Amino acid sequence: MHSAEFIQFFDGGTEPRHELLGGKCASLVTMTAAGMRVPPGFAVTTALYDAFIAHSGIRAEIDGLLATLDLDDLDSVDAVSQHIRTAICSRKVPADLREQVLAAFAELQSRFDEETPVAVRSSATAEDLPGASFAGQQDTYLWLVGAEAVLDHIRRCWASLYTSRAILYRLKNEIPDEGLSMAVAVQKMVNARAAGVAITMNPSTGDRSKITIDASYGVGEMVVSGQVTPDNIVLDKVMLSVVSQTLGDKHAELVPDFAAGTLVERPVEDDRRDRCCLSTDEVVAVAAMAKQAERHYGCPQDVEWAIDRDLPDGQNVLLLQSRPETVHSSKAVAVPQAPEIPARGGFDVASLTSSLTSGLRRP
């Protein structure tokens with residue numbers, strides 16, 4: 001059994017406390033609470049990281065090394081960074097803290113019929129500081145299988161607080177190391193049966209009373225890049241009833257080959273090409289999620305979504321990315337322009353969940 005002090009599931013109904021979850025995990029909890037279903041997972045909180053640092057006894061060693069730094073000597077910064085990261089990765093995590101993660105990982109895996117790959121992502125407390133831009137400074141690991149791999153890469157995420165880039169950025173911007181901490185997101189990789197985009201207007205006319213969905217089989221990359229002609233469905237935004245539906249050719253799909261670590265393009269059989277790739281319930285679920293995103297962010301949204309084949313019906317429509325629709329919205333003077341989502345800390349859904357489908361690349 002895990003403790004809420006150390007582990008918080010995104011859908012656990014807990015308050016999204018930034019000091020406990022870091023920027024990314026707090027956003028995932030917030031989006032889930034707002035009705036936007038992100039790939040399921042949990043946060044290893046900053047309390048667990050802090051307990052690990054306290055038990056390891058390396059706090060004084062870290063502070064001593066940072067105190068010797070010369071910002072103009074990049075070689076010394078690299079050396080200090082390597083020393084600190086090695087120290088963090090080589091220390092044992094106390095058994096009681098390991099058990100917290102193992103219990104949460106087992107609970108996450110119990111939601112699926114078979115062992116399912118996950119992503120492990122850094123979520124630092126400094127991410128949401130006003131005016132700070134920490135994008136890409138800490139680590140992300142995709143397509144991990146098994147509890148031991150997850151435990152190892154959580155520790156690597158902790159160590160990435162002290163990459164050379166992160167150290168230099170904090171020093172140059174006078175961000176103190178005192179109180180700095182790291183949460184980690186452990187999140188299911190998306191196994192898309194169908195995917196695509198949804199826009200909370202008709203992009204052909206700018207009609208905001210409609211929701212438009214483009215959908216095809218497999219990973220959504222082929223829809224976004226225009227490599228397939230998707231199914232096109234237009235719905236009334238209030239009633240979520242279908243106004244029009246046009247079947248696309250959907251001649252090919254991208255599916256993951258987990259053993260080879262690649263995305264494989266394969267032809268779609270004729271019988272699947274001749275029908276809509278989404279059921280009626282899935283069309284309504286995608287539209288409802290896009291509508292939730294628009295309500296939450298306060299302006300028309302361009303949403304990337306996927307139907308995850310590993311999750312049960314009713315839980316398998318996932319939000320991968322949501323950003324303001326800009327082509328038609330920019331023409332309407334009366335509509336306020338929303339900042340990147342969300343405004344605080346430069347974090348948006350794309351930076352966390354979009355790559356949950358694209359971590360496997362084509363050979």
Side-chain angles (χ1 to χ4, degrees), residues 5-6 17-26 43-98 100-101 119-142 144 148-186 344-347 351-352:
E5 178 187 8
F6 296 125
R17 292 169 52 198
H18 174 265
E19 70 276 10
L20 198 61
L21 299 175
K24 293 181 179 65
C25 289
V44 179
T45 71
T46 58
L48 200 148
Y49 168 82
D50 294 342
F52 163 75
I53 291 294
H55 180 271
S56 67
I58 60 175
R59 180 77 263 167
E61 182 180 351
I62 291 172
D63 291 343
L65 287 165
L66 293 176
T68 68
L69 281 180
D70 178 357
L71 286 180
D72 297 321
D73 185 353
L74 295 183
D75 288 339
S76 76
V77 174
D78 287 341
V80 165
S81 168
Q82 188 59 54
H83 189 117
I84 294 174
R85 295 176 78 179
T86 299
I88 290 174
C89 288
S90 63
R91 296 299 203 279
K92 284 192 68 173
V93 178
D96 59 330
L97 299 181
R98 279 175 54 89
Q100 294 287 327
V101 179
V120 171
R121 294 177 169 276
S122 304
S123 181
T125 54
E127 288 172 345
D128 273 359
L129 291 176
S133 178
F134 286 85
Q137 289 189 19
Q138 277 94 43
D139 287 353
T140 286
Y141 300 96
L142 304 176
L144 300 176
E148 288 304 318
V150 169
L151 287 164
D152 176 56
H153 287 84
I154 287 172
R155 199 158 44 178
R156 294 190 196 186
C157 284
W158 291 342
S160 72
L161 269 175
Y162 295 99
T163 62
S164 297
R165 181 182 173 194
I167 291 171
L168 284 169
Y169 186 88
R170 290 196 294 268
L171 288 173
K172 288 179 178 178
N173 289 276
E174 298 182 346
I175 298 169
D177 201 65
E178 182 182 359
L180 188 68
S181 193
M182 171 77 81
V184 178
V186 179
R344 294 200 307 149
F347 169 69
S351 68
L352 184 58

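Computed from a predicted structure; not experimentally measured.
A salt bridge (Lys or Arg N to Asp or Glu O under 4.0 Å) check over residues 63-84, counting only residues at least two apart or in different chains, returns the pairs Arg59-Asp63. The list of side-chain hydrogen bond (donor to acceptor under 3.5 Å, both in side chains) pairs with a residue in residues 44-56, not counting sequence neighbours, reads Asp50-Ser181. Counting only residues at least two apart or in different chains, side-chain hydrogen bond (donor to acceptor under 3.5 Å, both in side chains) contacts with residues 86-95 comprise Glu61-Arg91, Gln82-Thr86.
Shown here for Leu20 and Ala183, the closest heavy-atom pair between the two residues is O-CB, 3.9 Å. Residues Thr125 and His18 share a closest heavy-atom pair of O-CE1, 2.7 Å. Heavy atoms only, all atoms of each residue included: Gly23 and Ser123 are closest at N-OG, 3.5 Å. Contact record, Ala166 with Ser160: CB-O, 4.3 Å, taken as the closest heavy-atom pair. Phe52 and Ile88 get closest at one heavy-atom pair: CZ-O, 3.5 Å.
Cation-pi check for Arg170 over Tyr162 is met; the charged atom lies under 6.0 angstrom from the ring centroid and within 45 degrees of its normal.
Of the inter-residue distances, the one linking Ile62 atom CD1 with Ile53 atom CD1 reads 4.5 Å to the nearest 0.5 angstrom. To the nearest 0.5 Å, the span separating SG on Cys25 from CZ on Arg121 amounts to 10.5 Å. A distance of 4.0 Å separates CE in Met182 from OG in Ser122, rounded to the nearest 0.5 Å. Interatomic distance, CD of Glu148 versus CZ of Arg98, reported as 5.0 Å (0.5 Å rounding).
Looking at Ile167 and Ser164, their side chains never come closer than 4.5 Å, going by heavy atoms from C-beta outward. A heavy-atom distance below 4.5 Å is not found between the side chains of Val77 and Leu171. Residues Leu168 and Leu74 are in side-chain contact: their nearest non-hydrogen atoms beyond the backbone lie under 4.5 Å apart. Between Cys89 and Arg156 the shortest side-chain heavy-atom distance falls below 4.5 Å. For the pair Ile154/Leu48, no side-chain contact is recorded, criterion being any heavy-atom separation below 4.5 Å from C-beta on.
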TODO: Mind running side chain to side chain contact (heavy atoms under 4.5 Å, CB included) on Leu161 and Leu180 for me, showing each step along the way?
DONE: CA-CA 9 Å; Leu161 269 175; Leu180 188 68; 3.8 Å; yes
TODO: Determine, stepwise, if the pair Tyr141 / Asp152 fulfils side chain to side chain contact (heavy atoms under 4.5 Å, CB included).
DONE: CA-CA 11 Å; Tyr141 300 96; Asp152 176 56; over 6 Å; no
